Amino acid sequence: MSTTKIRTRYAPSPTGKMHVGNLRSALYEFLIAKHEGGDFMLRIEDTDQERFVEGATEIIYRTLDETGLKHDEGPDKDGGFGPYVQSERMKTGIYLKYAKELIDKGEAYYCFCDKERLASLKTEVVEGKEISIYDKHCLGLSKEEVEANLAAGKPYVIRQNIPNEGSTTFHDELYGDITVENADMDDMILIKSDGYPTYNFANVVDDHTMNITHVVRGNEYLSSSPKYQRLYDAFGWQSPVYIHLPLITDENHKKLSKRSGHSSFEDLIEQGFVTEAVVNYIALLGWSPEDNREIFTLDELIKEFDYHRISKSPAVFDIAKLKWMNGEYIKAMDFDKFYERALPYIQKVITGPMDLKHIAMTVKSRIEVFPDIPEMIDFFEAVPEDYDLSMYTHKKMKTDAQTSLEVLKDTLPILEAQEDYTNDALYATLSKYVEEKGIKTGFVMWPLRTALSGKAVTPAGATEIMEIIGKEETIERIKAGITRLS
Ligand code: GLU
């Protein structure tokens, strides 16, 4: 067994919101490290200056913080492997130094071709994108020509030199050994004309120099990995364990995109999901424990997470399943925390003087997401005027419009005489009436609840509704029910 300390990294590019796929990579990296007592590092990959989005770095920090994926090292937490931002690393000259080392080994070369020449090259469609296949023109330049070009300040890039014969094999934990013919690989750019490294080069240099042992990323990087392997081999470095994760799709098996409306962590939180539920759900997008267990806290995930159990079949993002899970988290949530998040949704529909905490209590175990609340409780504010009278008819309770009218008329004076409007007292009073009459409880409660709510489904029974809306409103609603039924 190796004694190397596990070191993983989350290496986001600051290009916008935190996509669910990125959060999954971060989570798995975090879990792999923490499961083994290793270190989880944050590295900001900002070498593509054109894609940089203002504020995106803040989103990364905030999301890691909110989700509990605490990094041990990063731009804000030096662990001796910095700088942790690639644009800052570039300034140390590290990428150019290693690129030159490759040039000396014959594994890379300067390329001075201008735009026009590159545009005239043969193109090929790779993964839906048209790319030009570089023809190694500049590999043929003599040392003197290269020196002269450099001295004249001619713009250049540095390209990886991939031979036209042979093949390259690399290993992925999920996909096994993958072998690619060298002739099928392009001489990719390592250093761009603006001096920045490409992701393709920087990820290799950084993962190695930062002692990264496990790399988790989306499988869109799978096809480039043989090129990275060639770089590791050229340097004589050991490559990290690669885990390329399956695509996350929507319910229609299409790549989860912005259009789905729930492709980012921020969107999900905005839609009323609970952070812990989202993290729990994302953990299961490609990984499963030995048993069928589904609810995990982050600490439990750390304990259980074995990356050998990651699956390579596409992971379907099932919003209905997430909603169910979210409901479970809401049920288990501390009430005060729940109330804080529920309050704005309650206040959307309740303006009258009512015990909002009590209302919140009635829905806590019934909602899946917070936006479910308004529709469930709006009747506390007012009974819909034109509610369907057929709701008074209930086969099992043996009620209909006629029996309901009688019950409402009968109970009205009792409720007018009642002073204590707490749920228990009201229930005791009505139970007495039920007993005296020798009828079933539901026979009385059903019409009362209907008159009080105008709804077929409510989060509270008749007497609890009475307690919440109060005596005056209760009497008024029952009178209105009598009028409508008469
Ligand atoms: N910067 C890359 C991205 O955000 C990271 C890929 C990787 O983890 O190597 O997609």
Side-chain angles (χ1 to χ4, degrees), residues 6-33 39-53 55-61 63-64 69 71 73-75 81 83-90 95 127 129 170-175 178 188-190 192 196-229 231-232 237 239-248 255-258 263-266 282 285-286 307 310:
I6 303 288
R7 284 175 58 82
T8 62
R9 89 296 195 276
Y10 175 49
S13 302
T15 54
K17 292 180 177 177
M18 178 85 101
H19 190 273
V20 164
N22 289 124
L23 185 54
R24 181 184 56 173
S25 296
L27 176 62
Y28 285 12
E29 297 259 15
F30 171 83
L31 294 174
I32 290 173
D39 286 338
F40 172 62
M41 180 187 101
L42 173 65
R43 180 173 76 223
I44 302 291
E45 303 206 321
D46 61 346
T47 59
D48 197 345
Q49 298 284 308
E50 277 163 34
R51 287 178 63 219
F52 181 81
V53 172
T57 314
E58 287 68 35
I59 293 180
I60 292 166
Y61 282 113
T63 312
L64 289 181
L69 307 185
H71 51 283
E73 277 173 45
F81 289 89
Y84 294 87
V85 180
Q86 284 182 334
S87 58
E88 288 169 29
R89 291 178 81 70
M90 183 196 85
Y95 303 117
E127 285 166 4
K129 268 185 261 167
F170 89 105
H171 184 79
D172 176 273
E173 278 299 303
L174 306 187
Y175 295 85
I178 294 184
M188 68 174 181
I189 294 175
L190 306 178
K192 296 183 276 186
Y196 277 94
T198 54
Y199 161 77
N200 294 323
F201 188 47
N203 90 86
V204 171
V205 171
D206 289 346
D207 286 340
H208 173 74
T209 55
M210 297 170 120
N211 281 5
I212 297 304
T213 58
H214 295 67
V215 166
V216 178
R217 62 187 169 208
N219 67 7
E220 66 267 29
Y221 292 100
L222 199 58
S223 61
S224 305
S225 292
K227 297 180 190 172
Y228 309 151
Q229 187 61 50
L231 294 173
Y232 280 101
W237 297 340
S239 52
V241 173
Y242 280 123
I243 301 161
H244 287 90
L245 299 177
L247 192 69
I248 300 176
K255 191 174 169 193
L256 192 64
S257 70
K258 266 193 199 143
S263 64
S264 78
F265 175 73
E266 290 74 27
I282 287 179
L285 281 177
Y307 71 78
I310 297 174

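All values reported here derive from a predicted model rather than from experimental measurement. We number each residue from 1, following the sequence as shown. In listed order, ligands and their atoms are each counted from 1.
Near E45, meaning under 4.0 Å from any of its heavy atoms, are these atoms of ligand 1: 1 (N), 2 (C), 5 (C). Close approach of ligand 1 to R217 (heavy-atom distance below 4.0 Å) involves ligand atoms 7 (C), 8 (O), 9 (O).
Ligand 1 has Y221 within reach: a non-hydrogen atom of the residue lies less than 4.0 Å from it. At a 4.0 Å cut-off, at least one heavy atom of R9 sits close enough to ligand 1 to count as contact.
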(request) Take Y199 and E45 through the test side chain to side chain donor-acceptor pair (under 3.5 Å) and record every step on the way to the result. (result) CA-CA 8 Å; Y199 161 77; E45 303 206 321; 5.0 Å; no
(request) Please assess Y228 against D207 for the test side chain to side chain donor-acceptor pair (under 3.5 Å), listing each intermediate value before the final yes or no. (result) CA-CA 11 Å; Y228 309 151; D207 286 340; over 6 Å; no
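Annotation: cation-pi pair R7/F81 present, NZ/CZ under 6.0 Å from the ring centroid and within 45° of its normal.
With a 4.0 Å cut-off on non-hydrogen atoms, Y199 touches ligand 1 through its side chain and not its backbone.
Applying side-chain contact (heavy atoms from CB on, under 4.5 Å) to I6 and the options V241, T213, I212, D39 leaves one that passes, T213.
By the 3.5 Å distance cut-off applied to N or O atoms, A11 is counted among the residues near ligand 1.
Contact annotation: the side chain of T198 never approaches that of Y95 to less than 4.5 Å [non-hydrogen atoms, C-beta and beyond].
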